[in-house]
Participant: 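Can you read through this structure? Questions will come right after.
The shown structure was predicted, so the numbers you read here are calculated from the model rather than taken from an experiment. Reminder, nothing fancy here: chain letters follow the sequence lines and each chain counts from 1.
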2 protein chains.
Amino acid sequence: MPPVTADPVEVNLINALEDRGLRRTAARSAVTDRIERVSDAFTAEQLCRELPDVGRATVYRTIRHLVDAGALCKLPILDGAPMYSIARIEHHHHTICSRCGAVGEFRHSTVERVMRSLEKEIDGDIVGHRMEIFITCSSCLAKSEINSSSGNSSVSI
Amino acid sequence: MPPVTADPVEVNLINALEDRGLRRTAARSAVTDRIERVSDAFTAEQLCRELPDVGRATVYRTIRHLVDAGALCKLPILDGAPMYSIARIEHHHHTICSRCGAVGEFRHSTVERVMRSLEKEIDGDIVGHRMEIFITCSSCLAKSEINSSSGNSSVSI
DNA sequence: CTCACTATTGATATCAAGTATCAATTAAGA
DNA sequence: TCTTAATTGATACTTGATATCAATAGTGAG
(Lines give C-alpha, C1' and ligand atoms only; values in the text may rest on other atoms or scores of the structure.)
Protein backbone atom coordinates (compact mmCIF):
# COMPACT_ATOMS: atom_id res chain seq x y z
CA MET A 1 0.00 0.00 0.00
CA PRO A 2 1.45 3.40 -0.94
CA PRO A 3 1.82 6.23 1.55
CA VAL A 4 -0.92 8.84 1.53
CA THR A 5 0.13 11.80 -0.56
CA ALA A 6 -1.61 14.74 -2.19
CA ASP A 7 -0.56 17.29 -4.79
CA PRO A 8 3.06 17.88 -3.77
CA VAL A 9 4.08 21.45 -4.51
CA GLU A 10 7.52 22.44 -5.79
CA VAL A 11 9.80 23.19 -2.86
CA ASN A 12 12.26 26.02 -3.16
CA LEU A 13 13.00 27.43 0.22
CA ILE A 14 15.45 30.16 -0.76
CA ASN A 15 12.88 31.49 -3.23
CA ALA A 16 10.29 31.50 -0.48
CA LEU A 17 12.60 33.81 1.45
CA GLU A 18 13.26 36.06 -1.54
CA ASP A 19 9.54 36.30 -2.15
CA ARG A 20 9.32 37.89 1.26
CA GLY A 21 11.94 40.50 0.36
CA LEU A 22 14.80 38.77 2.15
CA ARG A 23 18.22 38.73 0.54
CA ARG A 24 19.78 35.62 -0.92
CA THR A 25 22.92 35.15 1.15
CA ALA A 26 25.47 32.38 1.51
CA ALA A 27 24.36 31.58 5.06
CA ARG A 28 20.68 31.38 4.14
CA SER A 29 21.39 29.25 1.09
CA ALA A 30 23.43 26.86 3.22
CA VAL A 31 20.52 26.49 5.62
CA THR A 32 17.83 26.02 2.98
CA ASP A 33 19.97 23.63 0.91
CA ARG A 34 20.53 21.51 3.96
CA ILE A 35 16.85 21.45 4.86
CA GLU A 36 15.91 20.41 1.33
CA ARG A 37 18.33 17.49 1.55
CA VAL A 38 16.93 16.27 4.87
CA SER A 39 14.07 13.93 4.12
CA ASP A 40 12.68 13.79 7.66
CA ALA A 41 11.68 16.32 10.22
CA PHE A 42 14.55 18.00 12.01
CA THR A 43 15.31 20.17 15.01
CA ALA A 44 17.05 23.52 15.02
CA GLU A 45 19.93 22.12 17.04
CA GLN A 46 20.37 19.32 14.55
CA LEU A 47 20.74 21.86 11.75
CA CYS A 48 23.26 23.85 13.78
CA ARG A 49 25.35 20.72 14.24
CA GLU A 50 25.23 19.93 10.53
CA LEU A 51 26.14 23.50 9.59
CA PRO A 52 29.01 24.38 11.93
CA ASP A 53 30.02 27.33 9.75
CA VAL A 54 26.66 29.06 10.07
CA GLY A 55 26.00 30.87 13.32
CA ARG A 56 23.33 29.55 15.63
CA ALA A 57 21.45 32.83 15.53
CA THR A 58 21.27 32.69 11.74
CA VAL A 59 20.01 29.12 11.74
CA TYR A 60 17.26 29.99 14.19
CA ARG A 61 16.39 33.18 12.34
CA THR A 62 16.21 31.43 8.98
CA ILE A 63 13.96 28.74 10.38
CA ARG A 64 11.67 31.39 11.79
CA HIS A 65 11.51 33.18 8.43
CA LEU A 66 10.63 29.92 6.69
CA VAL A 67 7.87 29.16 9.17
CA ASP A 68 6.51 32.68 8.74
CA ALA A 69 6.58 32.16 4.99
CA GLY A 70 4.58 28.95 5.38
CA ALA A 71 7.38 26.92 3.80
CA LEU A 72 8.12 25.00 6.99
CA CYS A 73 5.74 23.46 9.50
CA LYS A 74 6.57 23.62 13.16
CA LEU A 75 5.42 20.29 14.52
CA PRO A 76 3.78 20.24 17.94
CA ILE A 77 6.20 17.88 19.66
CA LEU A 78 5.26 17.21 23.28
CA ASP A 79 8.74 16.67 24.70
CA GLY A 80 12.11 18.00 23.69
CA ALA A 81 12.92 20.55 21.03
CA PRO A 82 10.26 21.36 18.43
CA MET A 83 10.68 19.76 15.04
CA TYR A 84 10.22 21.25 11.62
CA SER A 85 9.30 19.71 8.30
CA ILE A 86 8.94 21.11 4.81
CA ALA A 87 5.34 21.95 3.95
CA ARG A 88 5.08 20.04 0.69
CA ILE A 89 1.31 20.14 0.36
CA GLU A 90 -1.03 23.00 0.99
CA HIS A 91 -3.28 22.18 3.93
CA HIS A 92 -2.38 18.90 5.50
CA HIS A 93 -1.90 16.91 8.64
CA HIS A 94 1.00 14.85 9.91
CA THR A 95 1.78 11.25 10.60
CA ILE A 96 4.54 10.83 13.15
CA CYS A 97 6.20 7.46 13.68
CA SER A 98 6.42 7.00 17.42
CA ARG A 99 9.46 4.75 17.06
CA CYS A 100 11.73 6.53 14.60
CA GLY A 101 10.15 9.99 14.49
CA ALA A 102 9.66 9.96 10.71
CA VAL A 103 7.10 12.54 9.71
CA GLY A 104 4.70 12.22 6.78
CA GLU A 105 1.99 14.45 5.45
CA PHE A 106 -1.51 13.54 4.44
CA ARG A 107 -4.67 15.25 3.44
CA HIS A 108 -8.05 13.71 3.91
CA SER A 109 -11.33 15.18 2.89
CA THR A 110 -13.13 13.49 5.76
CA VAL A 111 -11.16 15.55 8.25
CA GLU A 112 -12.50 18.70 6.65
CA ARG A 113 -16.01 17.26 6.76
CA VAL A 114 -15.60 16.56 10.47
CA MET A 115 -14.69 20.20 10.98
CA ARG A 116 -17.85 21.35 9.27
CA SER A 117 -20.03 19.06 11.34
CA LEU A 118 -18.28 20.15 14.55
CA GLU A 119 -18.91 23.77 13.71
CA LYS A 120 -22.52 23.32 14.79
CA GLU A 121 -21.60 21.83 18.14
CA ILE A 122 -18.66 23.93 19.28
CA ASP A 123 -19.36 26.92 21.50
CA GLY A 124 -17.56 29.56 19.46
CA ASP A 125 -16.10 30.15 15.99
CA ILE A 126 -13.66 27.63 14.59
CA VAL A 127 -10.57 29.44 13.29
CA GLY A 128 -8.30 26.47 12.63
CA HIS A 129 -7.47 22.91 13.47
CA ARG A 130 -4.59 20.53 13.69
CA MET A 131 -4.38 16.76 13.67
CA GLU A 132 -1.52 14.36 14.18
CA ILE A 133 -1.65 10.64 13.71
CA PHE A 134 0.89 8.57 15.58
CA ILE A 135 1.93 5.47 13.73
CA THR A 136 4.47 2.72 13.61
CA CYS A 137 5.77 3.26 10.12
CA SER A 138 6.21 0.41 7.68
CA SER A 139 9.99 0.37 7.95
CA CYS A 140 9.85 0.17 11.75
CA LEU A 141 7.26 -2.60 11.44
CA ALA A 142 9.59 -4.43 9.07
CA LYS A 143 12.48 -4.03 11.49
CA SER A 144 10.54 -5.40 14.42
CA GLU A 145 9.39 -8.38 12.36
CA ILE A 146 12.98 -9.20 11.50
CA ASN A 147 13.94 -8.88 15.13
CA SER A 148 11.10 -10.96 16.49
CA SER A 149 11.65 -13.77 13.98
CA SER A 150 15.36 -13.95 14.92
CA GLY A 151 14.58 -13.92 18.64
CA ASN A 152 16.23 -10.52 19.04
CA SER A 153 13.84 -8.15 20.79
CA SER A 154 15.81 -4.91 20.83
CA VAL A 155 12.92 -2.66 19.84
CA SER A 156 12.83 0.37 22.07
CA ILE A 157 9.82 2.63 22.33
CA MET B 1 -25.79 26.52 21.95
CA PRO B 2 -24.17 24.58 24.80
CA PRO B 3 -20.51 23.66 24.83
CA VAL B 4 -19.70 20.17 23.63
CA THR B 5 -19.20 17.88 26.59
CA ALA B 6 -19.14 14.14 27.18
CA ASP B 7 -19.37 12.00 30.30
CA PRO B 8 -17.27 14.05 32.72
CA VAL B 9 -15.45 11.77 35.15
CA GLU B 10 -14.93 12.60 38.81
CA VAL B 11 -11.61 14.43 39.22
CA ASN B 12 -9.51 13.70 42.25
CA LEU B 13 -5.91 14.33 41.49
CA ILE B 14 -4.41 13.45 44.85
CA ASN B 15 -6.17 10.09 44.69
CA ALA B 16 -4.76 9.53 41.23
CA LEU B 17 -1.32 9.91 42.77
CA GLU B 18 -2.08 7.61 45.69
CA ASP B 19 -3.39 5.02 43.25
CA ARG B 20 0.09 4.96 41.81
CA GLY B 21 1.66 4.31 45.21
CA LEU B 22 2.74 7.88 45.82
CA ARG B 23 2.40 9.33 49.29
CA ARG B 24 -0.13 11.98 50.19
CA THR B 25 2.00 14.92 51.28
CA ALA B 26 1.30 18.54 52.06
CA ALA B 27 3.22 19.74 49.03
CA ARG B 28 1.43 17.39 46.63
CA SER B 29 -1.96 18.25 48.07
CA ALA B 30 -1.21 21.93 47.65
CA VAL B 31 -0.38 21.37 43.99
CA THR B 32 -3.39 19.18 43.20
CA ASP B 33 -5.80 21.42 45.12
CA ARG B 34 -4.58 24.37 43.15
CA ILE B 35 -4.91 22.60 39.83
CA GLU B 36 -8.46 21.52 40.65
CA ARG B 37 -9.38 25.14 41.36
CA VAL B 38 -7.94 26.38 38.07
CA SER B 39 -10.66 26.10 35.46
CA ASP B 40 -8.43 26.70 32.46
CA ALA B 41 -5.24 25.22 31.18
CA PHE B 42 -2.12 26.33 33.01
CA THR B 43 1.66 26.28 32.73
CA ALA B 44 4.11 24.87 35.23
CA GLU B 45 5.60 28.31 35.86
CA GLN B 46 2.15 29.70 36.56
CA LEU B 47 1.61 27.05 39.23
CA CYS B 48 5.01 27.81 40.76
CA ARG B 49 4.08 31.47 41.03
CA GLU B 50 0.75 30.65 42.64
CA LEU B 51 2.36 28.26 45.10
CA PRO B 52 5.41 30.13 46.35
CA ASP B 53 5.77 27.80 49.34
CA VAL B 54 6.14 24.69 47.21
CA GLY B 55 9.53 24.14 45.60
CA ARG B 56 9.79 24.37 41.85
CA ALA B 57 11.16 20.87 41.60
CA THR B 58 8.17 19.51 43.48
CA VAL B 59 5.70 21.34 41.26
CA TYR B 60 7.35 20.00 38.13
CA ARG B 61 7.59 16.49 39.60
CA THR B 62 3.96 16.45 40.64
CA ILE B 63 2.83 17.59 37.22
CA ARG B 64 4.87 14.83 35.63
CA HIS B 65 3.32 12.23 37.96
CA LEU B 66 -0.15 13.46 37.06
CA VAL B 67 0.56 13.29 33.34
CA ASP B 68 1.96 9.77 33.78
CA ALA B 69 -1.20 8.85 35.68
CA GLY B 70 -3.32 10.16 32.80
CA ALA B 71 -4.99 12.69 35.09
CA LEU B 72 -3.50 15.66 33.27
CA CYS B 73 -3.15 16.30 29.54
CA LYS B 74 -0.04 17.98 28.28
CA LEU B 75 -1.24 20.22 25.49
CA PRO B 76 0.91 20.56 22.39
CA ILE B 77 1.46 24.30 22.45
CA LEU B 78 3.61 25.50 19.57
CA ASP B 79 5.27 28.45 21.28
CA GLY B 80 6.11 29.12 24.86
CA ALA B 81 5.83 26.79 27.81
CA PRO B 82 3.62 23.71 27.45
CA MET B 83 0.20 23.89 29.05
CA TYR B 84 -1.64 21.32 31.07
CA SER B 85 -5.31 20.67 31.60
CA ILE B 86 -7.24 18.20 33.71
CA ALA B 87 -8.37 15.16 31.72
CA ARG B 88 -12.04 15.21 32.60
CA ILE B 89 -13.27 12.81 29.94
CA GLU B 90 -11.73 9.57 28.83
CA HIS B 91 -10.60 9.92 25.23
CA HIS B 92 -11.10 13.38 23.90
CA HIS B 93 -9.73 16.26 21.89
CA HIS B 94 -9.25 19.89 22.74
CA THR B 95 -10.65 23.20 21.71
CA ILE B 96 -8.26 26.06 22.36
CA CYS B 97 -9.40 29.64 22.19
CA SER B 98 -6.77 31.50 20.24
CA ARG B 99 -7.62 34.76 22.00
CA CYS B 100 -7.88 33.88 25.67
CA GLY B 101 -6.33 30.42 25.71
CA ALA B 102 -9.35 28.76 27.32
CA VAL B 103 -9.23 25.03 26.76
CA GLY B 104 -12.28 22.82 26.34
CA GLU B 105 -12.67 19.12 25.73
CA PHE B 106 -14.86 17.38 23.24
CA ARG B 107 -15.44 13.94 21.93
CA HIS B 108 -16.85 13.26 18.54
CA SER B 109 -17.61 9.90 17.05
CA THR B 110 -16.84 11.14 13.55
CA VAL B 111 -13.22 11.70 14.50
CA GLU B 112 -12.97 8.04 15.43
CA ARG B 113 -14.59 7.06 12.17
CA VAL B 114 -12.04 9.15 10.28
CA MET B 115 -9.29 7.23 12.01
CA ARG B 116 -10.75 3.93 10.93
CA SER B 117 -11.01 5.05 7.33
CA LEU B 118 -7.46 6.44 7.37
CA GLU B 119 -6.16 3.13 8.66
CA LYS B 120 -6.52 1.71 5.16
CA GLU B 121 -4.54 4.53 3.57
CA ILE B 122 -1.70 5.14 5.99
CA ASP B 123 1.58 3.35 5.37
CA GLY B 124 1.98 1.78 8.81
CA ASP B 125 0.01 0.96 11.96
CA ILE B 126 -1.93 3.73 13.65
CA VAL B 127 -1.10 3.78 17.36
CA GLY B 128 -2.75 7.03 18.38
CA HIS B 129 -3.96 10.40 17.25
CA ARG B 130 -4.46 13.90 18.47
CA MET B 131 -6.60 16.75 17.30
CA GLU B 132 -6.90 20.33 18.37
CA ILE B 133 -9.48 22.80 17.21
CA PHE B 134 -8.62 26.46 17.46
CA ILE B 135 -11.61 28.64 18.15
CA THR B 136 -12.68 32.07 19.22
CA CYS B 137 -14.72 31.14 22.25
CA SER B 138 -18.18 32.54 22.85
CA SER B 139 -17.06 34.88 25.63
CA CYS B 140 -14.31 36.36 23.46
CA LEU B 141 -16.83 36.75 20.65
CA ALA B 142 -19.16 38.54 23.06
CA LYS B 143 -16.35 40.82 24.22
CA SER B 144 -15.41 41.84 20.71
CA GLU B 145 -19.05 42.54 19.87
CA ILE B 146 -19.44 44.77 22.92
CA ASN B 147 -16.23 46.60 22.06
CA SER B 148 -17.05 47.18 18.44
CA SER B 149 -20.51 48.57 19.27
CA SER B 150 -19.30 50.81 22.14
CA GLY B 151 -16.04 51.85 20.51
CA ASN B 152 -14.11 50.56 23.54
CA SER B 153 -11.38 48.23 22.31
CA SER B 154 -9.72 47.00 25.48
CA VAL B 155 -9.51 43.38 24.45
CA SER B 156 -6.09 41.96 25.15
CA ILE B 157 -4.81 39.01 23.19
C1' DC C 1 32.68 50.51 -11.20
C1' DT C 2 32.31 52.87 -6.89
C1' DC C 3 29.81 54.65 -3.17
C1' DA C 4 26.51 54.73 0.35
C1' DC C 5 23.19 52.59 2.79
C1' DT C 6 20.88 48.98 4.83
C1' DA C 7 20.33 44.07 5.68
C1' DT C 8 22.68 40.40 7.50
C1' DT C 9 25.84 37.88 10.19
C1' DG C 10 27.65 35.62 14.23
C1' DA C 11 30.28 35.79 18.73
C1' DT C 12 28.70 36.60 23.03
C1' DA C 13 25.70 37.43 26.76
C1' DT C 14 21.45 36.52 28.39
C1' DC C 15 16.97 34.44 29.23
C1' DA C 16 13.66 30.80 30.25
C1' DA C 17 12.09 26.21 31.08
C1' DG C 18 13.14 22.30 33.11
C1' DT C 19 16.20 18.66 35.42
C1' DA C 20 19.89 16.65 38.58
C1' DT C 21 21.87 16.69 43.10
C1' DC C 22 21.72 15.78 47.73
C1' DA C 23 21.30 16.87 52.67
C1' DA C 24 17.36 17.60 55.59
C1' DT C 25 12.69 16.35 56.44
C1' DT C 26 8.54 13.62 56.74
C1' DA C 27 4.98 9.95 55.89
C1' DA C 28 3.58 5.52 57.15
C1' DG C 29 3.93 0.86 58.48
C1' DA C 30 6.05 -2.36 62.18
C1' DT D 1 7.39 5.15 69.13
C1' DC D 2 10.79 3.91 65.86
C1' DT D 3 12.68 2.82 61.50
C1' DT D 4 13.06 3.24 56.92
C1' DA D 5 12.37 4.79 52.58
C1' DA D 6 10.01 8.43 50.13
C1' DT D 7 9.85 13.21 49.60
C1' DT D 8 11.26 17.88 49.64
C1' DG D 9 13.46 22.08 48.04
C1' DA D 10 17.65 25.12 47.66
C1' DT D 11 21.01 25.18 44.38
C1' DA D 12 23.56 24.34 40.38
C1' DC D 13 23.25 22.99 35.94
C1' DT D 14 21.50 21.85 31.10
C1' DT D 15 19.24 22.99 27.05
C1' DG D 16 16.82 25.64 23.69
C1' DA D 17 16.30 29.98 22.11
C1' DT D 18 16.64 35.13 21.82
C1' DA D 19 18.91 39.96 22.33
C1' DT D 20 22.91 42.78 21.45
C1' DC D 21 25.88 44.94 18.50
C1' DA D 22 30.19 45.66 15.92
C1' DA D 23 31.80 43.84 11.62
C1' DT D 24 30.55 42.33 7.03
C1' DA D 25 28.28 42.00 2.67
C1' DG D 26 24.35 42.76 -0.81
C1' DT D 27 22.18 46.09 -3.73
C1' DG D 28 20.69 50.03 -6.13
C1' DA D 29 22.00 54.79 -7.58
C1' DG D 30 24.94 57.50 -9.97
Side-chain angles (χ1 to χ4, degrees), chain A residues 13-35 38 40-69 71-85 101, chain B residues 12-35 38 41-69 71-85 101:
Chain A
L13 299 180
I14 193 74
N15 281 4
L17 295 181
E18 287 194 314
D19 289 349
R20 290 173 66 87
L22 298 168
R23 291 182 179 168
R24 173 192 293 256
T25 67
R28 283 182 183 147
S29 295
V31 173
T32 56
D33 285 359
R34 191 79 200 179
I35 293 175
V38 175
D40 275 336
F42 59 91
T43 65
E45 286 304 313
Q46 193 179 322
L47 262 195
C48 289
R49 253 177 283 124
E50 291 173 356
L51 297 166
D53 295 336
V54 180
R56 306 171 44 72
T58 301
V59 170
Y60 277 93
R61 274 188 295 238
T62 306
I63 289 175
R64 196 153 16 123
H65 285 311
L66 290 167
V67 171
D68 290 347
L72 279 189
C73 293
K74 185 170 183 177
L75 304 178
I77 298 298
L78 276 182
D79 294 289
M83 305 199 77
Y84 301 87
S85 74
Chain B
N12 189 318
L13 299 180
I14 193 75
N15 282 4
L17 295 181
E18 288 194 313
D19 290 349
R20 289 173 65 86
L22 298 168
R23 289 181 179 172
R24 174 191 291 257
T25 67
R28 284 183 182 147
S29 295
V31 173
T32 56
D33 284 0
R34 192 78 200 179
I35 293 175
V38 175
F42 59 91
T43 65
E45 286 305 312
Q46 193 178 321
L47 261 196
C48 288
R49 253 177 283 125
E50 291 173 357
L51 296 166
D53 295 336
V54 178
R56 305 171 43 73
T58 301
V59 171
Y60 276 94
R61 274 189 295 239
T62 306
I63 288 174
R64 194 150 20 121
H65 285 311
L66 290 167
V67 171
D68 290 346
L72 279 189
C73 293
K74 186 171 185 177
L75 303 178
I77 298 299
L78 277 183
D79 295 290
M83 306 200 75
Y84 301 87
S85 74

Participant: Looking only at heavy atoms, what is the nearest atom pair of A69(B) and A16(B), with distance?
Facilitator: CB-O, 4.4 Å

Participant: Using atom CD of E45(A) as one end and atom P of dA17(C) as the other, report the distance to the nearest whole Å.
Facilitator: 17 Å

Participant: How many whole angstroms separate atom CD1 of I63(A) from atom P of dG10(C)?
Facilitator: 14 Å

Participant: Along nucleotides 23-30 of chain D, 5' to 3', which nucleotides get a B, which get an S, and which get a -, given that the test is a protein heavy-atom distance under 4.0 Å?
Facilitator: ---BS---

Participant: Would you mind telling me which residue lines up with the more 5' stretch of DNA chain C, D53(A) or A81(B), judged by nearest nucleotide?
Facilitator: D53(A)

Participant: Can you check side chain to side chain contact (heavy atoms under 4.5 Å, CB included) on R24(B) and N15(B), steps first, answer last?
Facilitator: CA-CA 8 Å; R24(B) 174 191 291 257; N15(B) 282 4; 3.4 Å; yes

Participant: Test T58(B) against T25(B) for side chain to side chain contact (heavy atoms under 4.5 Å, CB included), laying out the working first.
Facilitator: CA-CA 11 Å; T58(B) 301; T25(B) 67; over 6 Å; no

Participant: What integer distance in Å separates Q46(A):CD from dT15(D):P?
Facilitator: 16 Å

Participant: Apply side chain to side chain contact (heavy atoms under 4.5 Å, CB included) to V54(B) and R28(B), showing your working.
Facilitator: CA-CA 9 Å; V54(B) 178; R28(B) 284 183 182 147; over 6 Å; no

Participant: From the set dG9(D), dG10(C), dA17(D), return the single nucleotide nearest to any side-chain atom of A44(A).
Facilitator: dA17(D)

Participant: Could you check how far CZ of R20(A) sits from C1' of dT8(C), rounded to whole Å?
Facilitator: 16 Å

Participant: Please give, in whole Å, the distance from dG18(C) C1' to R49(B) CZ?
Facilitator: 15 Å

Participant: So which nucleotide from dT7(D), dG9(D), dG10(C) ends up closest to the side chain of L22(B)?
Facilitator: dT7(D)

Participant: Assign R61(A) to base, sugar-phosphate, or nothing according to its heavy-atom contacts below 4.0 angstrom with the strands shown.
Facilitator: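 Base, at least one base atom sits under 4.0 Å.
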
Participant: Under the side chain to side chain contact (heavy atoms under 4.5 Å, CB included) criterion, do L66(A) and I35(A) qualify, and how do the steps go?
Facilitator: CA-CA 11 Å; L66(A) 290 167; I35(A) 293 175; 3.9 Å; yes

Participant: With respect to the side chain of P82(B), which nucleotide from dG16(D), dG18(C), dG10(C) is positioned closest?
Facilitator: dG18(C)

Participant: To the nearest Å, how far apart are Y60(B) OH and dT14(D) P?
Facilitator: 18 Å

Participant: Evaluate the side-chain proximity of V31(B) to R34(B): yes if any heavy-atom separation is below 4.5 Å, no if none is.
Facilitator: no

Participant: Measure distances between side-chain N and O atoms of R56(A) and base N and O atoms of dA17(D), and say whether any donor-acceptor pair falls under 3.5 Å.
Facilitator: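 Counting by modelled atom types and ignoring angles, a donor-acceptor contact under 3.5 Å is found here.
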
Participant: Measure across L75(B) and S85(B) and return the closest heavy-atom pair with its distance rounded to 0.1 Å.
Facilitator: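 Here L75(B) and S85(B) meet closest at CD2-OG, 4.1 Å.
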
Participant: Can you tell me which nucleotide in dT9(C), dG16(D), dT8(D) comes closest to the side chain of R28(B)?
Facilitator: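 Nearest to the side chain of R28(B) among the choices is dT8(D).
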
Participant: Rounded to the nearest angstrom, tell me the gap between atom CZ in F42(A) and atom P in dG16(D).
Facilitator: 15 Å

